Amino acid sequence: GQQVMQIPQYQHVQEGEDFTTYCNSSTTLSNIQWYKQRPGGHPVFLIQLVKSGEVKKQKRLTFQFGEAKKNSSLHITATQTTDVGTYFCAGRTSGTYKYIFGTGTRLKVLA
Amino acid sequence: EAGVTQFPSHSVIEKGQTVTLRCDPISGHDNLYWYRRVMGKEIKFLLHFVKESKQDESGMPNNRFLAERTGGTYSTLKVQPAELEDSGVYFCASSLGTSVADTQYFGPGTRLTVL
């Protein structure tokens, strides 16, 4: 079945350092979404990518969708303590409505 | 506008007991999804309702799980009898439509602990 792998599983960074998490799908995706879950909270939608090679920015966050639409990345520039949480990608294949989530990357930012 | 709500927020039951989780989607959202996150693992899709109909229940683990959405509004997910491996956080999400442009909005989740 379809799988979405996400790496790394954990990342500890010093405040001000950059951070990147990567998602790889075993199948071509129609779109990919990114979510952030704060400790004790629920997944909150960040962004959606649809087009091959698409790049979107939200302040210090940069999201990329691969040319083959099988991988994606989230890059945070100059992390802050407020960036702490688990970042999930979720991909959907054409013809289905359900999203397959990656395993998540838990980010810790040390002040 | 109220978001997706779930009840209860926590539930602790013993193996063999029954538990019913409830989800109230955002008003007007026809699409309702159930997901589950078992400790340390990924969030897994369980099923998808369009109004009161089950569109996709391919993620339901076994027949101990029963989801309903009578009237196409709120949904319940019943686990009977509960087993230890059912412990985890159960999330509900809703969306207006199912197109690529439709965002899923997640509820706060129900943390289920089976002892």
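Treat the numbers as computed from the prediction; the structure is a model and nothing was measured.
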Taken to the nearest 0.5 Å, the spacing of B:F45 CZ from A:F101 CZ works out to 11.0 Å
Engaged part of A:Q6 at the chain B interface, taking heavy atoms whose separation is under 4.5 Å:
neither
Treating Ile, Leu, Val, Met, Phe, Trp and Tyr as nodes and any side-chain heavy-atom pair under 4.5 angstrom as an edge, say whether A:Y22 and A:W34 lie in one connected cluster.
no
Please indicate whether B:K54 has more than 12 foreign heavy atoms, meaning atoms of other residues, nucleotides or ligands, lying under 6.0 Å from its NZ.
yes
A:H42 side, atom NE2; B:Y35 side, atom OH - distance, nearest 0.5 Å
15.0 Å
Measure the NE2-OH distance between B:H48 and A:Y99 for me, rounded to the nearest 0.5 Å.
10.5 Å
Which bit of B:S95 is near chain A, if near means a heavy-atom gap under 4.5 Å: side chain, backbone, both or neither?
neither
Could you tell me which non-hydrogen atom of B:E42 sits nearest to which non-hydrogen atom of A:G102, and how far apart they are?
CB-O, 3.3 Å
Taking the side chain as every heavy atom from C-beta outward, state whether B:F91 and A:Q37 have any pair of such atoms under 4.5 Å apart.
yes
Kindly work out whether a path of hydrophobic side-chain contacts (I/L/V/M/F/W/Y, heavy atoms less than 4.5 Å apart) joins A:I47 to A:L74.
yes
When rounded to the nearest 0.5 Å, the distance separating OG1 of B:T103 from CG of A:L46 is 11.0 Å
Check whether any side-chain heavy atom of B:Q104 sits under 4.5 Å from a side-chain heavy atom of A:P43, and report yes or no.
no
Would a hydrophobic clustering, with Ile, Leu, Val, Met, Phe, Trp and Tyr connected at side-chain separations under 4.5 Å, put B:I13 with B:Y90?
yes
Kindly determine whether B:F106 and A:F45 satisfy ring-ring contact (aromatic ring centres under 6.0 Å, His included), including the steps that lead there.
CA-CA 8 Å; B:F106 279 77; A:F45 174 82; 9.7 Å; no
With clusters defined by side-chain heavy atoms of hydrophobic residues (ILVMFWY) lying less than 4.5 Å apart, directly or transitively, does B:V79 cluster with B:L47?
yes
Please list, chain by chain and in numerical order, all residues satisfying ring-ring contact (aromatic ring centres under 6.0 Å, His included) with B:F65, sequence neighbours excluded.
none
For A:V4, the other hydrophobic cluster members (4.5 Å side-chain criterion, sorted by chain and number) are A:I100
So, the part of B:R37 with a heavy atom under 4.5 Å from chain A: the answer is side chain
Do A:Y87 and A:V84 share a hydrophobic cluster (ILVMFWY, side-chain heavy atoms under 4.5 Å, transitive)?
yes
